[in-house]
Amino acid sequence: MTVRDVEFIFLGTGTSSGVPVIGCTCPTCTSTDPRDRRLRCGAAIRVTDPDGLPRTIFIDIPPDHREQSLRHGLDRCDGLFITHAHVDHVYGLDEVRRYNALMRAPIGVHAEPEVTEALHRIFQHIYARQNNRNDSFVADLFDVVLEPLQPVFLHGLRFTPVRLLHGRLPILGFRIDAVDSAGVPLEEQPDPLPLAWCTDVSSVPPESWEPLGGLKTLVLDMLRDRAHPTHMTFDEAISVAETLDPTRTFFIHMSHDSTHQQLLQRMPPGMAPAWDGLILGLGTNSHL
Ligand SMILES: [Zn+2]
Ligand SMILES: [Zn+2]
Ligand SMILES: [Zn+2]
């Protein structure tokens, strides 16, 4: 058996402040279109694994994770992949303790060594639990070391970490393929795979172009029109998507500079801004 019932959920699609921005009265922040409410970036992939068991794996764990999880009725975590340790991508780590309680199992946090170090520093109450004054209900985690292009096999899926540049900070994107029992990618990939999640990127280094080729779905950072040192602009993101040439592209990490509708109107064929609650694969609500 191979993985089936693949469902990819965009839990959050906004930039670090979220949209609406606190105290802002701009047209996007005051829009009544639900697609203009963007929580911080994260995703879940839900599957039935080759043994017939339900699995849920998260990419990043933003401060909005609790709200995101409740919206989609998520009740387990079979692995967590971290792109980088910025606040908007990891400050929901506390929330996974509920999955520990529900599953009675520890959770693997897949990250590069510098990211793991940062998590240990930030979340001392989790990682140095013995120092807590009172024994408290904290997450039960274990570290899994990631290296670019060294794939991790989990529940019928292959996660390939791909190097991206977030300004001067090297971070990871993740390519996800369905694989057979020998770890070889299936010739017929279930929709929306192969998929790559590339958040917080200002440039794709040369060694990462090939691993991001042949995608069904590309998810890519697209902050706004004005230049930014650590994120792609509208034009930069479109250009990268055109070069990688996936079947379809969704953009994430969007600021309040544009409404969903404004962005959508400017998109080339096969591309669209994502929104919180977008689902690909099983039960998709996308027209792309
Ligand atoms: Zn970010
Ligand atoms: Zn605003
Ligand atoms: Zn970042």
Side-chain angles (χ1 to χ4, degrees), residues 10-44 58-65 67-68 80-93 95 109-119 121-123 146 148 161-174 196-205 208 218-234 236-237 240 250-263 273-276 278:
F10 290 72
L11 296 174
T13 60
T15 191
S16 59
S17 59
V19 179
V21 176
I22 292 175
C24 184
T25 56
C26 81
T28 308
C29 290
T30 54
S31 160
T32 54
D33 183 342
R35 293 174 189 203
D36 289 328
R37 298 188 78 85
R38 304 171 184 141
L39 297 177
R40 271 61 70 88
C41 276
F58 295 107
I59 302 175
D60 287 341
I61 194 86
D64 301 313
H65 180 78
E67 179 63 27
Q68 295 168 342
L80 182 52
F81 285 80
I82 307 290
T83 60
H84 65 305
H86 281 168
V87 168
D88 53 325
H89 296 263
V90 299
Y91 268 49
L93 191 61
E95 310 296 353
V109 181
H110 302 68
E112 288 190 278
E114 307 78 67
V115 172
T116 301
E117 267 173 49
L119 295 179
R121 194 173 62 244
I122 299 162
F123 296 98
L146 292 182
V162 180
R163 173 62 74 224
L164 301 173
L165 289 172
H166 185 17
R168 285 182 296 193
L169 181 70
I171 73 158
L172 293 177
F174 296 107
W197 180 266
C198 301
T199 190
D200 292 60
V201 49
S202 49
S203 70
V204 178
S208 300
L218 171 66
V219 183
L220 186 62
D221 181 339
M222 191 197 71
L223 183 71
R224 63 186 190 195
D225 279 303
R226 286 176 297 129
H228 190 280
T230 64
H231 293 276
M232 283 191 192
T233 62
F234 184 95
E236 287 165 344
V240 168
F250 290 99
F251 297 103
I252 56 169
H253 217 286
M254 293 163 290
S255 78
H256 62 151
D257 288 36
S258 304
T259 65
H260 182 86
Q261 204 52 39
Q262 286 168 337
L263 290 170
W275 66 90
D276 292 21
L278 168 63

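The figures here come from the full heavy-atom set of this structure, side chains too, leaving out hydrogens, waters and symmetry mates. All ligand and atom numbering here is 1-based and tracks the order in the structure.
Using modelled atom types, one finds no donor on one side chain facing an acceptor on the other under 3.5 Å when comparing D33 with S31. No side-chain donor-acceptor contact under 3.5 Å links S202 and H231.
Protein N/O/S atoms closer than 2.8 Å to the Zn ion (ligand 3), listed by chain and residue number, are H84 NE2, H86 ND1, H166 NE2, D200 OD2.
Counting only distance, with no hydrogens or angles, the side chain of D221 and the backbone of V201 share a donor-acceptor pair below 3.5 Å. With R224 contributing its side chain and H256 its backbone, the two residues share no donor-acceptor pair below 3.5 Å.
For the pair ND1 of H256 and SG of C24, the angle at the Zn ion (ligand 2) is about 110°; rounding is to 10 degrees. Remark: at the Zn ion (ligand 2), atom SG from C26 and atom SG from C29 enclose 110°, rounded to the nearest 10 degrees.
Contacts of R168 classified as side-chain hydrogen bond (donor to acceptor under 3.5 Å, both in side chains), with partners at least two apart in sequence or in another chain: none.
Atom CZ of R163 has more than 12 heavy atoms from other residues, nucleotides or ligands within 6.0 Å.
Checking H253, H65, H166 one by one against H89, the ring pair (Phe, Tyr, Trp, His ring centres under 6.0 Å) holds for a single residue, H253.
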